[in-house]
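The chains referred to below are lettered A, B, ... by the order of the sequence lines, with proteins before strands, and numbering in each begins at 1.
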Amino acid sequence: MPKLDESLLTGLPPFSQLNRAQIREILDQAGSRRYEEGTAIFREGHDAESFFLLLDGYLRVVRTTQGGDQIIVLHISPGQLFGIAPALQRDTYPATAIAAAESIALSWSARVWSDFTARYPGFATESYKTLGQRLGQIQETLTEMATQAVEKRVACAVLRMANQSGRKTPNGIEIAFPVTRQNVSDMTGTTLHTVSRLLSAWQRDGIVESTRKHIVVTDPHALVLLSEQ
DNA sequence: ACATTAAGGTTAT
DNA sequence: ATAACCTTAATGT
């Protein structure tokens, strides 16, 4: 196991209030691992042996329905904790985490969770804060799915990815990880065909540029308007 | 207003 | 060459 540098965690919200020695303690208990694109970090229903911090890359958090088709619940960006089932009374993971791009994550045994929250100031509050934010985002997209038209839902989904992971390019904001039309339909409750048609139409109107697994938002303002209609 | 079906085209490996 | 991904049109609810 390579020796991990303290700079990996300094500045990240869950650890922002901790001193160097405390971060050292935490890192010495961590494992680190690289995940290729498409690899599962953990699976829905499995024993929650560990919790994680994403250092680099992007994850899809996915749930499979009774019917067998999967829906994308949310994405995880670098610096975020995930798989924090131990945070409250869960011994299995509620969803599956899949690397959307090549990713690197730290992991800790679930057993040390209570230790962390007790010993390190700010860790617990920050964790529950992100937990709350995620819950809010999930029920927001949930009501959006139930009430809004497809074009608006897809516009919102694309905007969320751009806001979360967007990097500026000469042409606009580029989503930083590979996304297929199927992926977008899995997060909006529609079909890949509809997503394809919408992206084609938006491309004609100069709102996005998309090639396979790749979306650039060239006119964010126009997309925001679509998401608000 | 959207899904489904079907058929064909393109791109990565 | 094959599979994965994307497009478009026609038809159905």
Chemist: For a salt bridge (Lys or Arg N to Asp or Glu O under 4.0 Å) check, start with the C-alpha distance between A:R134 and A:E140, then their side-chain angles and the critical distance, and finish with the verdict.
Modeler: CA-CA 10 Å; A:R134 268 174 219 178; A:E140 195 180 315; over 6 Å; no

Chemist: Take the angle between the ring planes of A:Y93 and A:F42 and call it parallel below 30°, perpendicular above 60°, tilted in between.
Modeler: parallel

Chemist: Tell me: CE of A:M145 to C1' of B:dC2, nearest whole Å?
Modeler: 15 Å

Chemist: Please test A:E174 against A:R167 for salt bridge (Lys or Arg N to Asp or Glu O under 4.0 Å), starting from the C-alpha separation and ending with a verdict.
Modeler: CA-CA 5 Å; A:E174 173 190 32; A:R167 46 189 177 205; 3.1 Å; yes

Chemist: Give the ring-plane orientation class for A:F82 versus A:F52, where under 30° counts as parallel, over 60° as perpendicular and anything between as tilted.
Modeler: parallel

Chemist: Measure from CZ on A:R181 to P on B:dA3 and round the result to the nearest Å.
Modeler: 16 Å

Chemist: Between protein and nucleic acid, restricted to nucleotides 10-13 of chain B and to nitrogen or oxygen atoms under 3.5 Å apart, what atom pairs and distances do you find?
Modeler:
none

Chemist: Take the protein atom NE2 of A:H214 and the nucleotide atom P of C:dT7, then report the distance between them rounded to whole Å.
Modeler: 14 Å

Chemist: Answer yes or no: does atom CZ of A:R24 have more than 12 heavy-atom neighbours from other residues, nucleotides or ligands under 6.0 Å?
Modeler: yes

Chemist: When you measure from every atom of DNA chain B, which of residues 190-207 of chain A have a heavy atom less than 4.0 Å away?
Modeler: A:T190, A:T191, A:H193, A:T194, A:R197

Chemist: Is there a donor-acceptor contact under 3.5 Å linking the side chains of A:Q70 and A:T64?
Modeler: no

Chemist: Please state how far atom NZ in A:K152 lies from atom P in B:dA1, giving the value in whole angstrom units.
Modeler: 14 Å

Chemist: Are A:L225 and A:V158 in one and the same hydrophobic cluster, where Ile, Leu, Val, Met, Phe, Trp and Tyr link if side-chain heavy atoms are under 4.5 Å apart?
Modeler: no

Chemist: Whole Å only: how far is the CD atom of A:E151 from the C1' atom of B:dA3?
Modeler: 17 Å

Chemist: With under 30° as parallel and over 60° as perpendicular, where do the rings of A:W108 and A:F51 fit, or are they tilted in between?
Modeler: parallel

